[in-house]
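Okay, structure first, notes after.
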Amino acid sequence: MEQYRRTAHCGQLTLADEGKTVTLNGWVHRNRDHGGVHFVDLRDRYGLTQIVVDEDAASKVREQAAALKFEYCIAVVGTVRRRLNPNPNIPTGEIEVSAGEIHILSRCEVLPFMVDEKSDAKEDLRLKYRYLDLRSSSMQRKLKLRHDVTFAVREFLNGEGFMEIETPTLIKSTPEGARDFIVPSRIHHGKVYALPQSPQLFKQILMVGGCDRYFQIARCYRDEDARGDRQLEFTQIDMEMSFVSRDDIFAVTEGMMAHIFKKTMNIDLSLPFLRIAYHDALNRFGSDKPELRFDMELQDFAPFVPGGGFKVFEQVLESGGAVKALVVKGCAGYSRKQITDLEDAAKTYGAKGLAWMKVTDTGIEGGISKFFAEKTGEITAGLGADTGDLILFVADKWQTACTALGAVRLKVGRDLGLIDSSRFAFAWIVDFPLFEWNEDEQKWDPAHHMFTMPQAQYLDTMESNPGDVRADMYDMVCNGYELASGSIRVHDPEIQKRIFSMVGFSQEEAQKRFGFLLDAFKYGPPPHGGIAPGLDRLVMIMAGENSIREVIAFPKNTVGISPMDESPAEAEPEQYRDLGLQVLPEEE
RNA sequence: GGGGGUGUGGCGAAGCUGGUUAUCGCGCCGGCCUGUCAAGCCGGAGACCGCGGGUUCAAGUCCCGUCACUCCCGCCA
């Protein structure tokens with residue numbers, strides 16, 4: 001290899017290098033043999049350089065060139081010269097390298113798919129041959145972006161006085177929330193480690209340990225079904241800070257996001273981010289991770305319901321539910337089929353149906369309009385609807401009505417092309433409820449984790465009115481994705497006890513599961529809080545992708561399999577024996 | 001756990017209400033070609049249409065089942 005080691009990479013040479021003798025290493029991207037003259041596009045991570053073998057080249061070089069096939073890994077020794085026909089589409093388009101020697105470093109079998117941006121091989125195949133997929137410039141660009149983002153994170157947080165500290169990935173299972181991945185212990189038969197769903201407890205203990213400002217690019221594991229924006233293992237920019245309030249965390253996180261976008265994409269984010277209360281996010285956008293790149297807010301139709309005689313709406317209101325309306329500008333021409341498609345979107349989220357009416361120049365028509373004809377003026381004025389608009393309604397429990405109509409809003413927004421894909425619409429969602437009512441078990445559950453601080457003004461009424469308690473908790477959202485979640489933590493053992501008892505968690509149980517954290521809190525814990533932006537989702541959004549698999553080098557597919565290494569796989573029998581494990585037959 | 005979509009040479013697709021020899025592009029093999037850059041031109045090989053069953057004179061096409069992938073609901077503190 002030594003003698004063929006590159007002296008330049010494939011994105012580097014310009015007219016300034018004219019006349020130089022260079023050695024290039026790379027892969028055969030394209031091969032254009034014109035009989036007399038032969039072109040080879042040589043590719044590496046940095047770009048493409050055109051190699052030329054002229055008719056008057058030595059016969060050995062001509063033979064070597066003729067033997068080349070797609071994705072052979074080669075070395076070329078040649079002379080940089082000006083192109084007769086420059087190609088303005090590539091950075092090296094003004095030069096080419098006239099080959100004096102070509103050496104095949106390794107051969108490549110017939111490809112399962114072309115290494116090409118235009119290749120649209122199915123994702124499963126791309127994942128099986130990920131090493132080929134990664135050679136494409138789009139994957140290279142995304143991996144580079146991810147690297148740049150990670151680097152910018154470290155750069156910024158280091159400048160803000162954060163220490164990067166590693167926490168263990170073999171920890172005690174604390175079976176709250178998601179399912180844990182379990183690692184059986186060989187030394188201690190019957191006992192298991194768990195892979196962390198997040199470094200949550202450890203980073204809080206780091207605060208007790210006086211670390212003050214911590215971060216970690218942390219791999220997290222959750223044994224739940226995957227999605228386009230969810231993987232079994234994923235990466236968080238995990239942060240925790242001592243002696244801070246919510247606004248301090250917002251300021252640091254906003255600064256970090258601004259730094260990331262400026263450094264990697266030269267985009268100036270406008271700070272501070274919008275803040276929306278959880279209740280308002282649902283009420284106005286039908287989601288706790290609202291897509292804010294277009295308006296079209298949900299509205300309350302309840303004031304117009306009484307006296308209309310439409311029983312469905314009246315009954316929902318009587319039982320404490322809500323009737324939400326969505327005015328879709330200029331879509332009175334929607335066909336029944338189009339409305340049915342929207343109804344399907346609403347039903348997916350639990351709505352029983354999607355009511356509608358159209359605004360025409362003579363009033364309101366179709367759907368449920370006959371019940372409200374007398375209030376036409378009142379309704380159109382109240383909702384801001386004009387001739388040519390379509391009005392859609394969902395009546396249900398407040399939350400269901402909001403989320404179902406929110407799904408319709410999102411579908412309509414996408415269908416109508418209302419979303420400017422070049423924008424990044426950030427916001428903080430604040431004032432989440434601390435508890436949520438568990439209908440099945442007739443008890444209060446923690447809405448987040450149990451170490452989330454209630455907001456101070458609710459401390460006195462936490463037991464008497466738990467449903468109204470707001471948490472000192474926040475999500476950062478962008479373009480309809482939850483990008484980060486965090487909170488101010490409970491550091492007062494008395495408050496912690498009250499929360500445990502609210503959610504029906506005994507002291508014994510708490511001690512058994514989180515004893516080490518509770519013990520730590522006996523020794524002068526500082527007030528603290530933190531946040532954990534998801535690195536995969538952040539890079540996905542920045543790259544304009546809609547699956548985090550596109551920004552993870554070796555992702556699992558949606559059924560948790562890695563098609564390349566074929567994990568998960570059975571272990572050797574002696575491995576099970578070492579662990580004292582026996583695999584039971586699958587239950588029907 | 002539930003719902004939708006997809007499955008046709010190595011890859012991506014077409015194939016309508018069932019009807020000869022399953023079509024196209026890319027790739028592959030052979031040949032031609034002095035300036036291309038998704039090079040071009042000529043020729044060729046390669047598919048039991050995911051799998052199993054059924055209906056029919058006849059199934060890629062219709063029915064039932066099943067598997068794989070994918071999107072979504074549930075789930076994801």
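So that the names make sense, note that chain A is the first sequence line, chain B the second, and so on, each numbered from 1. Because the structure is predicted, anything quoted here is derived from the model rather than measured.
- Between B:C69 and A:Asn557, a contact under 4.0 Å exists linking OP1 or OP2 to a side-chain N or O.
- Between the C1' atoms of B:G4 and B:U17, the separation comes to 25 Å (whole Å).
- For an aromatic pair to be called close, the ring centres must be under 6.0 Å apart, and A:His448 with A:Phe432 fails this.
- A:Gly35 comes within 4.0 angstrom of a nucleotide base, judged by non-hydrogen atoms across all strands.
- A:Asp124 comes within 4.0 angstrom of sugar-phosphate atoms only, judged by non-hydrogen atoms across all strands, and of no base.
- With hydrogens and angles ignored, no donor-acceptor pair under 3.5 angstrom links the side chain of A:Glu224 to the base of B:G74.
- Taking atom C1' on both nucleotides, B:U36 is separated from B:A47 by 34 Å, rounded to a whole Å.
- Each of A:Ser198 and A:Asp54 has a nearest nucleotide on RNA chain B; the 5'-most of these lies closest to A:Asp54.
- Across every strand in view, B:A59 sits unpaired, with no contact that passes the Watson-Crick or G-U test at under 3.5 angstrom.
- Taking atom C1' on both nucleotides, B:G46 is separated from B:G10 by 9 Å, rounded to a whole Å.
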Pairs under 3.5 Å (N/O, protein and nucleotides 26-29 of chain B):
from	atom 1	to	atom 2	distance (Å)
B:C29	OP1	A:Lys69	NZ	3.1

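- Annotation: A:Trp27 is not in aromatic contact with A:Tyr72 [ring centroid separation under 6.0 Å not met].
- Under 3.5 Å, the side chain of A:Gln50 and the base of B:U36 form at least one donor-acceptor pair of N or O atoms.
- Here B:C72 presents its C1' atom at 13 Å from CG of A:Asn546, a figure rounded to the nearest Å.
- Residue A:Leu48 is classed as having no contact, given no heavy-atom separation below 4.0 Å to the nucleic acid.
- Side-chain N/O atoms of A:Arg30 include none lying less than 4.0 angstrom from OP1 or OP2 on B:A38.
- Whole-Å rounding puts the A:His448 NE2 to B:C76 P distance at 13 Å.
- For B:C26, the paired nucleotide is B:G10, the pair qualifying as Watson-Crick or G-U wobble because both relevant distances are below 3.5 Å.
- Using a 4.0 Å heavy-atom cutoff across all strands shown, A:Asn89 reaches no nucleic acid atom at all.
- A stacking contact between A:Phe113 and B:C11 is absent: the pair does not combine a ring-centre distance of less than 5.5 Å to the base's six-membered ring with planes differing by less than 30°.
- Across all strands shown, A:Glu436 has no heavy atoms under 4.0 Å from either base or sugar-phosphate atoms.
- Side-chain N/O atoms of A:Asp41 and base N/O atoms of B:C37 include no donor-acceptor pair closer than 3.5 Å.
- Atom P of B:C57 sits at a distance of 15 Å from the matching atom of B:G18, rounded to the whole Å.
- Residue-level contact check: A:Gly350 touches neither bases nor backbone, having no heavy atom under 4.0 Å from any strand.
- Using a 4.0 Å heavy-atom cutoff across all strands shown, A:Ile561 reaches sugar-phosphate atoms only and no base atom.
- For A:Arg32 against B:C33, no side-chain N or O and base N or O form a donor-acceptor pair under 3.5 Å.
- Comparing B:A45 with B:G30, their C1' atoms are spaced 10 Å from each other, to the whole Å.
- A:Asp120 comes within contact range of the sugar-phosphate backbone alone, with a heavy-atom separation under 4.0 Å but no base atom that close.
- Phosphate proximity of B:G35 to A:His34: present, with a side-chain N or O under 4.0 Å from OP1 or OP2.
- Nearer the 5' end of RNA chain B, as judged by each residue's closest nucleotide, is the contact made by A:Glu55, out of A:Glu55 and A:Ile90.
- With B:C72, B:G35, B:C71 as the choices, the nucleotide that has an atom nearest any side-chain atom of A:Thr558 turns out to be B:C71.
- Remark: B:C69 base-pairs with B:G5. Criterion, Watson-Crick or G-U wobble with two distances under 3.5 Å.
- Each of A:Phe521, A:Phe451, A:Phe202 was evaluated against A:Phe514; a single residue qualifies, A:Phe451, per the ring-ring contact (aromatic ring centres under 6.0 Å, His included) test.
- Here, B:G1 and B:G53 have their C1' atoms 27 Å apart, quoted to the whole Å.
- Taking 4.0 angstrom as the limit, A:Lys122 places a side-chain polar atom (N or O) nearer than this to OP1 or OP2 of B:A13.
- Taking only distance into account, the side chain of A:Asp344 never meets the base of B:G4 through a donor-acceptor pair shorter than 3.5 Å.
- Spacing between B:A14 and B:U56 at atom P, rounded to whole Å, works out to 31 Å.
- For the C1' atom pair drawn from B:G54 and B:G2, the interatomic distance equals 28 Å after rounding to whole Å.
- Using a 30° and 60° split on the angle between ring planes, A:Trp437 and A:Trp444 fall in the perpendicular class, above 60°.
- A donor atom on one side chain and an acceptor atom on the other are found under 3.5 Å apart for A:Thr167 and A:Gln216.
- Among the atoms of the strands shown, base atoms are found under 4.0 Å from some heavy atom of A:Arg230.
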CA sep, side-chain torsions, deciding dist, call: A:Phe234, A:Tyr221, ring-ring contact (aromatic ring centres under 6.0 Å, His included):
CA-CA 7 Å; A:Phe234 58 99; A:Tyr221 306 85; 8.1 Å; no

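- Residue A:Arg62 is out of contact with every strand shown, counting any heavy-atom pair closer than 4.0 Å.
- For the segment residues 467-490 of chain A, the set of residues with a heavy atom within less than 4.0 Å of an atom of RNA chain B is empty.
- Considering only side-chain N and O atoms, A:Asn85 lies nowhere under 4.0 angstrom from the phosphate OP1 or OP2 of B:G35.
- Remark: A:Arg227 is not in phosphate contact with B:G74, judged by side-chain N or O atoms under 4.0 Å from OP1 or OP2.
- Using a 4.0 Å cut-off between charged nitrogen and carboxylate oxygen, A:Glu224 and A:Arg222 do not count as a salt-bridge pair.
- Across all strands, A:Arg549 comes closer than 4.0 Å only to sugar-phosphate atoms, never to a base (heavy-atom distances).
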